[in-house]
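First comes the structure, then the notes that go with it.
Reminder, nothing fancy here: chain letters follow the sequence lines and each chain counts from 1. A quick note: this is a predicted structure, and the numbers were derived from the prediction, not measured.
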2 protein chains.
Amino acid sequence: MEKEITIYDIAKRLKLSPATVSRALNDHPAINSDTKTLITAMARQMGYRTNTFASNLRRQRTNTIGVIVPRLNSNFMSTVLAGMEKVANEASYNLIISQSLESVKKEIANAKTMFNSRVDGLLVSVAYDTDKIDHFEAFIKKGIPLLFFDRVIEHKQCTSIVIDNVKAGYDAVTHLIEQGCRRIMHVTGNLKRNVYADRLAGYQQALRQHGLPYDESLVMVTDLSQEAGTEAARRIQNMPERPDGVFVTNDFCAVCCLITLKKLGFSVPDDIAVVGFNDDPVSQVVEPDLTTIHYPGAKMGEVAAQSLINHLNGLLDIQTTNKIILHSELVVRHSSLKSSSY
Amino acid sequence: MEKEITIYDIAKRLKLSPATVSRALNDHPAINSDTKTLITAMARQMGYRTNTFASNLRRQRTNTIGVIVPRLNSNFMSTVLAGMEKVANEASYNLIISQSLESVKKEIANAKTMFNSRVDGLLVSVAYDTDKIDHFEAFIKKGIPLLFFDRVIEHKQCTSIVIDNVKAGYDAVTHLIEQGCRRIMHVTGNLKRNVYADRLAGYQQALRQHGLPYDESLVMVTDLSQEAGTEAARRIQNMPERPDGVFVTNDFCAVCCLITLKKLGFSVPDDIAVVGFNDDPVSQVVEPDLTTIHYPGAKMGEVAAQSLINHLNGLLDIQTTNKIILHSELVVRHSSLKSSSY
DNA sequence: TTGTAAGCGTTATCAA
DNA sequence: TTGATAACGCTTACAA
């Protein structure tokens, strides 16, 4: 455990002032390039490493971005995080990641920790049942940029990064209708969340536009777990008037639903067509493979991180950008192709 | 953007010294409990938040744990990370996560960043082709605890957290043999990595013990991607003497192999039995569902984080613990049950 | 182009 | 039980 080298040590060794050393190490313009070379070389030689805390303390900045997500361990979220990490890393920002485990209470605690950690900015996808955002007010008040992604909450001071969930829902359901479905079930999540509310709106819009009635009893609000998929299939079996198509807003849930339907003797897609959401790898593995909405997770992570970093570097004012919408699209596979030769 | 409250502000307001305030806020034993109550209340009232940087600078400690993983976006890894985050959060440690994207070069860069961020400890699962660990020497020299998990590198100063991969491989292959397989193929990853080398050893051990020959041409080293699974299936089809069982050390790769085999006209498990590794949710979705080794990912994350934190808190000396082995077990499903009525 | 010196907000040591 | 004071290592007016 050797002693830590500081800019004072380097300064003394080179008979320069600590200030000069600091400037050289930070690429300050007003410094002689020979001096700079000299200092850099000596720093390396002495095994100097910058003390981020001293620097942060002095500059009142942390080069750290906080991320709060419902869960780390879903394919979608880990893809988003991978995208964020990539961008942040390249811009030499650190990522502090925490999960709310879908609980507002834990989300509040996480927000507090992030606040105390003095993150330069915060990227959030809210928990299942968050409805107030008082716990983020502290950030807003202090001018710490706050950016929501995927599961967003509209706020005039915050930017949201989303896909067009209404359109995605519309596309999915329109596709089912075009395949001949006339009675389409919709399995979704908590309608408090923009993502689910919007997809439902898209579902309704597609029905309306094609002259089909909206039947509330066909909308099933669940936690979108695997069990929910199984449960949905069972419920379908017990319905007096069975649907001929189902749009599930999560691939894993959809896949479980599909499998259970098959076990119960349904033929997919002929008896009932299934469409999922996210384009999780699992959708390509099930038989028949699952039609779904491709969700650009990595891209969303990259855009979120980049926007925040640009804002922090003064390259873009995020307060003026209210919403960024990414492109998503329907991926047609065999679970919905009624006249398929699969 | 109001002014940040410091312990000086609180001290002034209560006509106490900053030292007393600091002590009260940190639950120092030698402080009057009335004073403590008073200070705590005032801190809350004034909206005080501790300045971690000043504290870190002074205490030479960061309460931050660094994590370097090959990829964030695999089911296995995100489960591990979720476990780590849970434990770290409860112990009020922050997690800085970065991914090497399977490249040694990036891993080296990540290590450097972590070093400069002065993490209190480091949790690492190495990249595909890392063979030296010079880039971690700096940590070891400085006495910063370094803990490897899953893909580990043996080092006398570092603890490893693993499952018994030899046994897992042995169990998988023994199961195949017991199901009547006599010619078993093995699809695995870079044998530099303990996980794959050990599983191969287990494979060989099982063969030997059951009097079956070891045929090197049946071992296929791949990157365990989905494409590798497909490729393996094709290769099987083209073999003059086809295997009747295959053990793939990754579920997603196994699933792709299985699906392709079916497409090529093989019956699974009757023509060829398939066993995977990890117990990824996808293994329950494929038909027939996949026999696999259950890997305790969340547990591994928790144990890794907890061990490190205990060490940091002086509750346990990690240097003396060389290896922690977690329990894993075979999960038999239908992809390997030759006489199944599935 | 370089140097001086004053903090940033804590905590640890020593003294009271 | 509390207080005074000196660091921790860096950055940045301001001065030279």
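- Of the N and O atoms on the side chains of N63(A) and T52(A), not one donor lies less than 3.5 Å from an acceptor on the other residue.
- Across residues 36-57 of chain A, L57(A) each have a non-hydrogen atom less than 4.0 Å from an atom of DNA chain C (numbered order).
- One finds the CE atom of M77(A) at 10.5 Å from the CD atom of Q99(A) (value rounded to the nearest 0.5 Å).
- In the model, N116(B) has no side-chain atom that pairs as donor or acceptor with a side-chain atom of N51(A) under 3.5 Å.
- Within 4.0 Å of I7(A), counting heavy atoms only, lies at least one base atom of the nucleic acid.
- Residue E4(B) contributes atom CD, which lies 8 Å from atom P of dG9(C) at whole-angstrom precision.
- Using a 4.0 Å heavy-atom distance criterion, S22(A) is classed as a base contact.
- When rounded to the nearest whole Å, the span between CZ of R23(B) and C1' of dG9(C) equals 16 Å.
- Using cut-offs of 30° and 60° for the angle between ring planes, the F139(A) and F115(A) rings count as perpendicular.
- Taking 4.0 Å as the cutoff to heavy atoms of chain A, we find the contact window on DNA chain D bounded by dG9(D) to dA13(D).
- Following rounding to the nearest Å, I10(A) (CD1) and dG3(C) (P) show an atom-to-atom distance of 14 Å.
- Remark: C1' of dT1(C) and CG of D27(A) are 15 Å apart, rounded to the nearest angstrom.
- For I65(A) against V119(A), the heavy-atom pair with the smallest separation is C-CG1, 4.2 Å.
- Map V21(B) and R58(B) each onto its nearest nucleotide of DNA chain D; the residue landing nearer the 5' end is V21(B).
- Rounded to the nearest 0.5 Å, atoms CG (L312(A)) and CD1 (I144(A)) are 10.0 Å apart.
- To the nearest 0.5 Å, atom CE of residue M42(A) and atom OG1 of residue T37(A) are 13.0 Å apart.
- A donor and an acceptor atom, one from each side chain of N94(A) and S117(B), are located under 3.5 Å apart.
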